[in-house]
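Please read the structure below before turning to the comments.
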Amino acid sequence: MIKLFSLKQQKRDGETVQHPGTRQSAAQLRIQKDINELNLPKTCQVDFPDQDDLLTFKLIISPDEGFYRGGRFSFSFKVGQGYPHEPPKVKCETLVYHPNIDLEGNVCLNILREDWKPVLTVNSIVYGLQYLFLEPNPEDPLNKEAAEVLQSNRRLFEQNVQKSMRGGYIGAIYFDRCLK
Amino acid sequence: MKVTVKSWTAVATWRWVANDDNCGICRMAFDGCCPDCKIPGDDCPLVWGQCSHCFHIHCIMKWLNSQQVHQQCPMCRQEWKFKE
């Protein structure tokens, strides 16, 4: 009897969490669908620090080929109330030697800025970010030094990436180890 | 036997005829409504572009109004022109 009562109580508590009085916002409804339909490549995983807040999460990319094979890179996603009319704000939380990611974690990916359109999803961004690690693009760079090395000496660029992922200095910048 | 019909209740169904099930912008069903509306139907209609892509009118208008320079279809990036 006591057990039944506490079960009922639990159920009621659960309900208040699911229906917090106000309707879900358009952004919440849409991100819910994005997350449900998420189809991640085996190199990616998402992590929700707060299960009740789908608008803030992390994406971990562990490339299994290319220059960055073996590394582990974390991105923070912040989805605003303007979603999907505005793209999520994505920042790289791992210090990385990459032509299209600066040392503050800003990411240069067309679909995160000028080429965003509301039919794109979280999945499209995941694939876009993964592509940046497979094909760093030295044109239109955010880290100019890395881009110049990639353009002038691919071999040296490869060595620099390896060195940075093992933990070490490239020029005056120290990169923390990010190998798996 | 004589039957007198005292009252009757008609039931009708409707649906939008679109080439897709969901609006690409809000991802809600076309037979439902956009997230800003409560009642599906004529108050939350669908519109087509000349490129043949279809959206809730509220969703596509919100997108077009946020575009400063070119108004493009969010599916195919062709210039957006309403059909008809």
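Every chain is numbered from 1 and lettered A, B, ... according to where its sequence line falls, protein lines coming before strand lines.
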Check your understanding: Quick one: which residues of residues 60-75 of chain B reach chain A at under 4.5 angstrom, heavy atoms only?
Key -> B:K62, B:W63, B:P74, B:M75

Review point. Any chain of hydrophobic side-chain contacts (each under 4.5 Å) joining A:F75 to A:Y127?
Key: no

Point to revise | Path from A:L38 to A:L55 over hydrophobic side-chain contacts below 4.5 Å | key: yes

Review point. Around B:D42, counting heavy atoms of other residues, nucleotides and ligands shown, do more than 12 lie under 6.0 Å from its CG?
Key: no

Exercise for review: Give the cluster check for A:L179 versus A:I60: same hydrophobic cluster or not, with ILVMFWY residues linked at side-chain heavy-atom distances below 4.5 Å.
Suggested key: no

Exercise for review: Check each atom of A:S25 against the heavy atoms of chain B and say whether the ones under 4.5 Å are side chain, backbone, both or neither.
Suggested key: neither

Revision key, fill the gap. Among residues 17-25 of chain B, residues within the sub-4.5 Å heavy-atom range of chain A, in order of number, are B:G24, B:I25

Revision key, fill the gap. Contact list (residues 131-154 of chain A to chain B, heavy-atom gap under 4.5 Å, by number) returns none

**Study point:** Interface residues of residues 89-119 of chain A facing chain B - heavy atom cut-off under 4.5 Å
**Key:** A:D115, A:W116, A:K117, A:P118, A:V119

Exercise for review: Consider only side-chain heavy atoms of I, L, V, M, F, W and Y, link residues closer than 4.5 Å, and tell whether A:L54 and A:L29 are in one cluster.
Suggested key: no

Exercise for review: Can you tell which part of A:E86 gets under 4.5 Å to a heavy atom of chain B, answering side chain, backbone, both or neither?
Suggested key: neither

Review point. Given the rule that I, L, V, M, F, W and Y join up when any side-chain heavy atoms are under 4.5 Å apart, are A:I170 and A:V161 in one cluster?
Key: yes

